[in-house]
A.B. asks: 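My questions will all concern the structure given below.
Below, chains carry the letters A, B, ... as their sequence lines are ordered, and counting in each starts from 1. Because the structure is a prediction, the values reported are computed rather than measured.
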Amino acid sequence: MINITLPDGSIRQYEAGVTPMDIALSISEGLARNVLSASVNGEVVDATRAIANDAVVRLFTWNDREGKQTFWHSSAHLLAETLEALYPNVKFGIGPPIETGFYYDVDTGDMTLTPADMPKIEEKMLELARNKSAYARRSVSKAEALAYFTEKNDPYKLELINELEDGTITFYQQGNFTDLCKGPHISDTSPIKAAKIMNFAGAYWRGDEKRKMMTRIYAVTFPKQKELTEYLELLEEAKKRDHRKLGAELELFMFSEKVGSGLPIWLPKGTQLRERLQNYLRGEQEKRGYQMVVTPHIGHKLLYETSGHYAKYGADSFQPIKTPREGEEFLLKPMNCPHHCEIFGHKPRSYKELPLRIGEFGTVYRYEQTGELHGLSRVRGFTQDDAHIFCTQDQVKGEFLNVLELTTQVIKKMGFKNFTAQISLRDPNNPDKYIGSDENWNAAEHAIIDATKDVDLETTTAYGEAAFYGPKLDFMIKDALGRSWQLGTIQVDYNLPERFKLEYIGSDNKAHRPVMIHRAPFGSMERFISILIEHTAGKFPLWLTPDQFMILPVSERFNEYAEGIKVELARFDIRGLIDDRNESIGKKIRDTELKRIPFMLIVGDKEVEQNTISVRRQGQGDLGSMTIEGFARFFNEELEKGEE
RNA sequence: GCCAGUGUAGCUCAGUUGGCCAGAGCAGCUGAUUUGUAAUCAGCUGGUCGGGGGUUCGAAUCCCUCCACUGGCUCCA
C-alpha cells in the first residue's frame with residue numbers, strides 16, 4: 001500500500017499502481033467524471049497514470065488552470081486530427097494550449113485556409129470528438145520516433161525529435177492521429193463538446209523571423225456549449241469597449257494618414273482627460289518632493305552615443321536629422337533619461353541634495369515596425385510620465401518604497417482593484433548579459449525584494465527579465481473584463497550614471513557615483529488611457545471625466561434658465577455643457593447617454609417655477625428633482641464614493 | 001518587416017457573373033415643430049468607390065504596385 005496526500009492534507013492509502021482517476025473515483029463519482037488531469041509530486045500527468053510510491057496528488061478539473069490547459073492541449077491534438085482528415089497534406093509544427101484556448105502551427109503547403117473553412121473544421125472536430133477516442137500514451141525510442149515521422153514526411157516533427165534525448169520521447173495517439181507529445185492529456189475526446197476556430201494568423205516556425213512562416217490556427221473548446229456562448233459574449237463586450245472605437249465615438253483622439261501612422265492626435269475632450277490625469281500625478285509628485293523639468297524633443301546624436309542607446313537601438317530608430325550647413329546630427333528623443341542625466345551633471349552636486357527627483361511629462365518618439373502599431377497602445381510618439389531619482393546606494397530602498405507607495409496610490413485612484421507586480425531579476429545562468437558589479441546588483445535586487453515585502457504587495461518573480469542595466473518591478477493590473485495589462489515600471493540603474501560620469505560629493509568630501517531609479521506610474525499617457533477607456537467602457541471616474549453634466553432644456557424656451565444653472569454649478573466646481581439644440585428631450589437624453597456624460601439635468605416649466613433641476617444619472621435613469629445646492633451636495637458625495 | 005485579411009459619404013453598411021448619371025440609415029445644413037426622461041417631421045447637401053498604374057468598348061467590381069487599418073508573428077530603450 002502507498003500513502004497519497006491530498007491538497008486538504010488528508011492521507012489515504014491505496015494499492016501501488018493506483019491512478020489519479022481511481023483516487024477521484026474513491027472520493028466521488030462526480031469528481032471522477034470531471035477530473036481532466038492531475039499532479040503527482042508537482043508534475044502534471046494524465047489522470048490514468050499509475051502511481052508507484054507515496055505521493056502528493058492534486059486532481060484537476062475544468063475549474064483549475066491546469067485542468068483547462070490539459071483540456072485545451074488535448075483539443076489541439078483533436079484539431080490536428082481534424083486537419084489531417086480534411087487536408088491530408090498538412091504538415092504539423094507545434095500545438096500548445098494558451099491562456100484561453102490553444103493553437104496549432106501548420107504548414108498547409110500551397111493551400112491557404114480562409115475563414116470559410118472554419119465551420120467545416122469545427123464540425124469535423126466535434127464529429128471526431130464524439131468518437132470518444134482515448135488519448136493513448138506510449139514511450140518510443142528516438143529511432144522509432146524518427147522513423148515514424150520520416151515515413152509521414154513531417155520535417156517539423158523530425159526537427160523537434162532530433163533535439164530530444166533518447167528515452168524521454170513519448171507519443172500520444174487518439175483515433176488515427178499520432179503526435180509527438182510529452183502530455184498530459186485528458187482520458188478521451190468525449191468531453192470536448194463545443195469548438196470554435198478563432199482565426200488564422202502567420203507565425204514564424206520556432207519564432208524565428210528568418211524561418212518559414214507557418215499558419216497558426218487559433219481555436220478554443222469547451223465542455224459545454226453554454227460556456228462557448230458566454231466566452232463569445234465576453235469577446236463582444238471587449239469589442240464594444242475597444243478604445244479605438246470609443247476614442248473615436250467620444251472624440252478623444254484621432255489618427256490621420258497625412259500626419260502619419262502611429263502618431264495620435266489628441267482632440268479637445270481627450271486632451272482634457274489627459275491633462276487632468278497629469279495634473280493629478282503632478283500634484284502627488286510635488287507632495288513627494290519631485291521637481292518638474294522640460295527638455296527638448298530632439299537631442300544631439302552624441303547624447304545617445306554617451307547613453308549607449310545609439311549603439312543598441314540606433315539602426316532601428318528614426319534616423320538622425322541634420323542641420324543644413326554644419327551637418328550636425330540630432331535624434332528625435334526616444335527617452336528622457338539622458339537629458340535628465342545632463343541636468344544632474346550640469347553643476348557639482350552634494351550628498352545633501354540627494355535624493356534628487358527630476359520629473360517630466362516627456363514626449364518621446366520611437367520607430368515601431370508598421371505591423372506593431374495598435375491604436376493608442378502601441379504608437380510612434382507618446383508621452384511618458386517619467387521621472388528619474390538620483391540617490392545614494394543607501395537611499396535606494398527608501399526611494400523604492402516611496403515610488404511603490406506613489407504607484408499603488410495612482411493605480412487605486414484610477415479605480416483598478418486588482419493589481420500585482422512582477423520582480424524582474426538577473427538570469428543567474430547568464431551573468432554576462434548584464435553590466436555593473438555583483439555587489440551593486442545584489443544590493444539593488446535586495447532593495448526591490450525587501451521593499452515589496454515591506455508594503456505587502458503581491459508579486460511574482462521572473463529571472464532573466466531584468467534590463468541589462470538593472471533589476472526592475474513591473475505593475476500588472478486586471479481590468480473590468482479580467483484582462484491583464486502591464487502598466488508602468490520602476491527600474492534601478494547603475495549604467496547611465498557611469499556612462500555620464502555622474503558624481504556627487506559625499507560627507508567624506510570624496511566623489512561618489514549616484515544610483516538612478518527610472519519610474520513611470522502610468523507608463524505612457526497614451527497606453528494608460530487606452531487601458532482606462534476599456535476598463536471603464538468610456539464611463540470615466542467623475543473627477544476625471546471631461547464633462548460632468550449636460551443640461552437638457554425641455555425646449556428652447558428654457559435655454560436661458562439652463563445658462564444660469566451652468567454658472568451656478570461652476571461655483572461649486574462642477575463642469576458641464578448645455579444641449580441647446582432644437583431637438584426633442586428624448587433625443588437629447590439619448591445623445592447624452594451615448595456620450596457617457598454622468599449627469600443629465602433636465603429643465604422645463606416645472607423646474608423654472610420651483611427653481612430646481614431634474615436629475616438623471618447616465619446608465620441609471622431619473623433620480624428626481626433637486627435644488628442646485630442639493631445636487632451639488634449629492635454630486636460631492638458621489639465624488640467621494642469614487643475616491644474610497 | 002513577415003503571413004492572412006480589410007479599405008465605398010463624417011459614421012455604420014448595400015452595391016448580382018465588369019454594363020445606364022454609385023445607394024440607404026445616422027450625422028450635417030435649411031425649414032416646420034417648442035417638445036418631460038434613450039431617436040419629431042420634411043427637404044437639401046455630401047463620394048474622382050484608399051492612392052497610382054494596367055487589362056477592357058466599358059472597372060467600385062479583374063491584375064500590378066504603394067498606403068492605411070484589422071488579427072497574429074518577430075520586436076519594444
A.B. asks: If you check every side-chain atom of Arg216(A), which of rU34(B), rC75(B), rG72(B) has the closest atom?
C.D. replies: rG72(B)

A.B. asks: Among rA77(B), rG36(B), rG72(B), which nucleotide sits nearest the side chain of Ser317(A)?
C.D. replies: rA77(B)

A.B. asks: What's the closest nucleotide to the Arg590(A) side chain, out of rA39(B), rU35(B), rG71(B)?
C.D. replies: rA39(B)

A.B. asks: Mind calculating the distance between CD (Glu583(A)) and C1' (rC29(B)) to the nearest angstrom?
C.D. replies: 13 Å

A.B. asks: Cut-off 3.5 Å, side chains only: do Lys606(A) and Ser625(A) have a donor facing an acceptor?
C.D. replies: no

A.B. asks: Which of these passes ring-ring contact (aromatic ring centres under 6.0 Å, His included) with Phe92(A): Tyr156(A), Tyr87(A), Tyr104(A)?
C.D. replies: Tyr104(A)

A.B. asks: Give the nucleotide from the list rC73(B), rG36(B), rC76(B) with an atom nearest to the side chain of Ala203(A).
C.D. replies: rC73(B)

A.B. asks: For RNA chain B, whose closest nucleotide is more 5', that of Gln491(A) or that of Asp208(A)?
C.D. replies: Asp208(A)

A.B. asks: Check whether any side-chain nitrogen or oxygen of His374(A) sits under 4.0 Å from OP1 or OP2 of rG71(B), and answer yes or no.
C.D. replies: yes

A.B. asks: Considering heavy-atom distances to RNA chain B, does Ser584(A) or Pro334(A) have its closest nucleotide positioned more toward the 5' end?
C.D. replies: Ser584(A)

A.B. asks: Is the phosphate of rC73(B), meaning OP1 or OP2, less than 4.0 Å from a side-chain N or O of Tyr218(A)?
C.D. replies: yes

A.B. asks: Decide if atom CD of Glu159(A) counts as having more than 12 heavy atoms of other residues, nucleotides or ligands within a radius under 6.0 Å.
C.D. replies: yes

A.B. asks: What is the distance, rounded to the nearest whole Å, between atom CD of Gln369(A) and atom C1' of rC69(B)?
C.D. replies: 17 Å

A.B. asks: With under 30° as parallel and over 60° as perpendicular, where do the rings of Phe222(A) and Trp72(A) fit, or are they tilted in between?
C.D. replies: perpendicular

A.B. asks: Which nucleotide in the set rG36(B), rG71(B), rG28(B) lies at the smallest distance from any side-chain heavy atom of Arg244(A)?
C.D. replies: rG71(B)

A.B. asks: Please report the distance separating the C1' of rC21(B) from the corresponding atom of rC69(B), rounded so that it comes out in whole Å.
C.D. replies: 32 Å

A.B. asks: Pick the P atom in rG51(B) and in rA60(B), then give their distance to the nearest Å.
C.D. replies: 11 Å

A.B. asks: Counting just side-chain N and O atoms, does Lys587(A) come under 4.0 Å of either OP1 or OP2 of rA27(B)?
C.D. replies: yes

A.B. asks: Should the side chain of Arg616(A) and the base of rA38(B) be counted as holding a donor-acceptor pair, with the cut-off at 3.5 Å?
C.D. replies: yes

A.B. asks: Please give the distance between the P atoms of rA24(B) and rU45(B) as a whole number of Å.
C.D. replies: 11 Å

A.B. asks: Using the C1' atom on both, measure rA39(B) against rU35(B) and round to a whole Å.
C.D. replies: 14 Å

A.B. asks: When the distance from CE of Met213(A) to P of rC75(B) is rounded to whole Å, what number comes out?
C.D. replies: 12 Å

A.B. asks: For rU16(B) and rC29(B), measure between their C1' atoms and round to the nearest Å.
C.D. replies: 35 Å

A.B. asks: Assess whether atom NZ of Lys91(A) is packed by more than 12 heavy atoms of other residues, nucleotides or ligands within 6.0 Å.
C.D. replies: yes

A.B. asks: Please state the C1' separation for the pair rC11(B) and rG52(B) - nearest whole angstrom.
C.D. replies: 27 Å

A.B. asks: State whether the number of non-hydrogen atoms from other residues, nucleotides or ligands found under 6.0 Å of Phe318(A) atom CZ is greater than 12.
C.D. replies: yes

A.B. asks: Taking CZ from Phe318(A) and P from rC76(B), how many angstroms apart are they, rounded to a whole number?
C.D. replies: 17 Å

A.B. asks: Would you say Ser261(A) reaches rA68(B)'s phosphate, i.e. side-chain N/O to OP1/OP2 under 4.0 Å?
C.D. replies: yes

A.B. asks: Do Asp105(A) and Thr215(A) have side-chain heavy atoms sitting under 4.5 Å apart?
C.D. replies: no

A.B. asks: Is there, by distance only and without an angle test, a donor paired with an acceptor across the side chain of Tyr204(A) and the base of rG1(B) below 3.5 Å?
C.D. replies: yes

A.B. asks: Without decimals, in angstroms, what is the distance between Leu601(A) CG and rU37(B) P?
C.D. replies: 16 Å

A.B. asks: With a 6.0 Å cut-off (strictly less than), is the heavy-atom count around CD of Glu251(A), excluding the residue itself, greater than 12?
C.D. replies: no

A.B. asks: Over all strands shown, is Lys606(A) touching base, sugar-phosphate only, or nothing at heavy-atom distances under 4.0 angstrom?
C.D. replies: base

A.B. asks: Tell me whether the side-chain N or O atoms of Arg378(A) pair up with the base of rC75(B) as donor and acceptor below 3.5 Å, since no angle test is needed here.
C.D. replies: yes

A.B. asks: Rounded to whole angstroms, how far apart are CD1 on Ile602(A) and C1' on rA38(B)?
C.D. replies: 11 Å

A.B. asks: Which of the following nucleotides, rG36(B), rG28(B), rA77(B), is nearest to the side chain of Arg581(A)?
C.D. replies: rG28(B)

A.B. asks: I'd like to know if Glu372(A) reaches the base of rU74(B) with its side chain such that a donor and an acceptor end up less than 3.5 angstrom apart.
C.D. replies: yes

A.B. asks: Using a 4.0 Å heavy-atom cut-off, does Gly604(A) contact any base of the nucleic acid, only the sugar-phosphate backbone, or nothing at all?
C.D. replies: base

A.B. asks: Could you measure between the two C1' atoms, the one in rU61(B) and the one in rU6(B), and give it in whole Å?
C.D. replies: 16 Å

A.B. asks: Tell me which nucleotide among rU35(B), rC67(B), rU74(B) gets nearest to the side chain of Glu257(A).
C.D. replies: rC67(B)

A.B. asks: Does Ser555(A) put a side-chain nitrogen or oxygen below 4.0 Å from OP1 or OP2 of rU34(B)?
C.D. replies: no

A.B. asks: Taking only the C1' atom of each, what is the distance from rC64(B) to rC26(B) in whole angstrom?
C.D. replies: 37 Å

A.B. asks: Between rA39(B), rG71(B), rC69(B), spot the one nearest the side chain of Asn199(A), thanks.
C.D. replies: rG71(B)

A.B. asks: Could you tell me the separation between the CG atom of Leu250(A) and the C1' atom of rC11(B), rounded to a whole number of Å?
C.D. replies: 14 Å

